[in-house]
2 protein chains.
Amino acid sequence: MNIRHLTFRLLQVYVAVVASGTVSEAARRLHLTQPTVSMQLKRLGEAVGEPLLESRQGRLYPTEAGSELYRASREVLGRFDDFDDYLSALRGGERGRFSIALVNTAQYVLPRLLGPHSRAFPEVEVTVHIGNRRQMLTRFERQEDDLYVFSHPPSLAHARAGRFLRNPLVAVAPRGHPLATREQVDMSELLGERMLLREPGSATRMLFESWLQEQGLTLGPTLQMASNEAIRIGVAAGMGLAVLSEHVLPPEHPDIVILPVAGLPIESHWQFIVRSDRRLSHAALGFLRFAAGHLDECVEPRFLSNELQGLLDRLEEAPRNLTTRRTEP
Amino acid sequence: MNIRHLTFRLLQVYVAVVASGTVSEAARRLHLTQPTVSMQLKRLGEAVGEPLLESRQGRLYPTEAGSELYRASREVLGRFDDFDDYLSALRGGERGRFSIALVNTAQYVLPRLLGPHSRAFPEVEVTVHIGNRRQMLTRFERQEDDLYVFSHPPSLAHARAGRFLRNPLVAVAPRGHPLATREQVDMSELLGERMLLREPGSATRMLFESWLQEQGLTLGPTLQMASNEAIRIGVAAGMGLAVLSEHVLPPEHPDIVILPVAGLPIESHWQFIVRSDRRLSHAALGFLRFAAGHLDECVEPRFLSNELQGLLDRLEEAPRNLTTRRTEP
DNA sequence: ATGTTATATAGATATTTATCTATATGGGGG
DNA sequence: CCCCCATATAGATAAATATCTATATAACAT
């Protein structure tokens, strides 16, 4: 048997003929003319090299070889129907895989989205990478992930962005601090105190420093700590003051006070960033759709700032490269 | 996914690419050039409508959709390999089905061939039809069977024949009959006695009668019986004499004597008859091959007359109609 | 940087396919 | 014996496929 010239179409035609028992009827069902079907049948017979059908009292019945071919054809066509279903599931974002990279601070909020999403789409595998802004930028350059979360997006030359959450930076002091009971504080009053800061490369620190620069202020004594958690606990323990994302504070925080500093909070927004030069996986797209639709159910309303629909619309227009896609190592 | 333009060849190429991890290597294995394979891959990707491969550190890895397609392709190609094996078995006569039609008398001998054959090819299903010559001729006209056994073939316009066994007709009398001890008997001496005859339409009767005619003799009193068995037993019981195929007599027959009639035995041969206008099933062909090769192990040497190889040779030349074959109801 | 290697694209072509309309053929029923 | 239905064949054509060589592009290793 010569498999080289075997098409799935040919098998479909053959199956239709066996199922209907006549060439003409099959032709009608397939919206073809009778000679067309006859020809296909002939070709198929030649490819197989055996008689496939025999006619008895006006109907066509498969020979031995024909029956086996019918069985094989059904199985094979069925297998590809399944594959089609699989593709639909992939396309619908119901299954598949994506990876998302978060700046540290965002890890306090993103699980509120990721959790419900993975309950809704249990077949989707998600990988989450966490690090500071600098590290995430590197991942972004290397195109290592499908989605990124930044407060301030990188270049945007090769990226699309969509805000989804307010990320206010507030000044915090330990309960009992002299400034903690004041109606109004000026940032200059804080700068004499020791400030606990994240490492350079952190988005929070970057935002804070550029804000200070705008205000024409300079930092006094500082102490560098590697994580938001450590800073929060440090502040509570009286090691100094800090400027932190409000999301870092737990709902109840009896030993920490937010200072009413003039000009604060520093407003920023988290946004999902998608590289525009890399095809977005269906699963990641599905997550964005999910986020756009369910964000309000997942986070506190005061932080809401959902501009994801716009991002989705812009992504829809994007052209697609169907055969291959590239990923850097 | 558009299944219309999907070929098995395309899947083979795809599988080779995934298996080897590079287009060029796959091209070498398939004895194609690299651009050819690239093109095929592109077409396949278009047919599927999803990226199938992504390149990482110089090797190609399937995407999610690509992996599933790979699995589907392997299964589907495997299924058709199995189908190919099935075809080979069919062609080799190792499996399948055939039917054979015997004139009554031949039923004493054919099981000696059919038995060993079905032990050697347990997957082959055989249907045996038995009847008198007239009935077998009808089956032959209607093309109801793959093989026929006659002593004298019909027209031969649409048939090929091959002798395989002597079928001598002898005159028999009960032990103790006056003629039973004679050295030499003349047929005319028998015709006064009552002769037991098969029904008109029987080959044995036809042969006997035409032999009588040649000799210019006429039958005396007769008695018609529906089977060779009945006649044999009738002769033993003294109901009369008969002319029978020697095969009808059991190896030991103490109550029956073969008379040494001048001009007897009437020599005839059984032959396998194959319609030349109908494609012979592989299974039937396999049986003929088996018979040609093993006849001498299956029957008594004195009856041997194996001309089947000649028949097989003539069948090999026959043209084939690959797509369809016809059978009358 | 630079040469090497792997892929992709372009351009070309013979072959095959899918499909039609029109016509011949062949079998079964009256 | 003739007619009707189903099937097969012929002839035609637009599209697609398979395949090549030559060349451009991208990625990788020095």
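The analysis underlying the following values was restricted to heavy atoms, covering all of them including side chains, and did not include hydrogens, waters or symmetry mates. Lettering of chains follows the sequences in order, A, B, ..., and the numbering in each one begins at 1.
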## Note on the structure
Which of D:dA8, C:dA18, D:dT17 is nearest the side chain of A:Ser38? It is D:dA8
### Distance test, side-chain N/O of A:Gln40 to OP1/OP2 of C:dA18, below 4.0 Å
yes
### Task
Go through D:dA6, C:dA6, D:dA18 for me and flag the one nearest to the A:Ser24 side chain.
D:dA6
#### Entry: Earlier contact from the 5' end, DNA chain C, for B:Thr22 and A:Leu10
B:Thr22
### Query
What is the nucleic acid contact for A:Arg59, judged by heavy atoms within less than 4.0 Å: base, sugar-phosphate only, or nothing?
nothing
### Query
Any side-chain N or O of B:Arg4 under 4.0 Å from OP1/OP2 of D:dA16?
no
### Summary
The reported gap from OG1 in B:Thr63 to CZ in A:Arg97 (rounded to nearest 0.5 angstrom) is 10.0 Å
### Message
Quick check for you: among C:dT21, C:dA8, D:dA18, whose closest atom lies nearest to any side-chain atom of A:Thr33?
### Response
C:dT21
### Query
Does C:dC20 have OP1 or OP2 sitting under 4.0 Å from an N or O in the side chain of A:Thr36?
yes
### Summary
Taking five pairs at each terminus, the helix from C:dA1-D:dT30 to C:dG30-D:dC1 shows an axis bend, to 10°, of 30°
### Query
side chain to side chain donor-acceptor pair (under 3.5 Å) between A:Glu144 and A:His129: does it pass, once the steps are laid out?
CA-CA 10 Å; A:Glu144 289 183 294; A:His129 292 276; over 6 Å; no
### Task
Figure out the CD/P separation between B:Glu54 and D:dA26, and round it to whole Å.
19 Å
### Task
Between A:Pro35 and A:Arg9, name the one whose nearest nucleotide on DNA chain C is closer to the 5' end.
A:Arg9
### Query
Considering heavy-atom distances to DNA chain D, does B:Gln34 or B:Thr7 have its closest nucleotide positioned more toward the 5' end?
B:Thr7
### Message
Can you confirm whether A:Arg71 is buried at CZ, in the sense that more than 12 heavy atoms of other residues, nucleotides or ligands lie under 6.0 Å from that atom?
### Response
yes
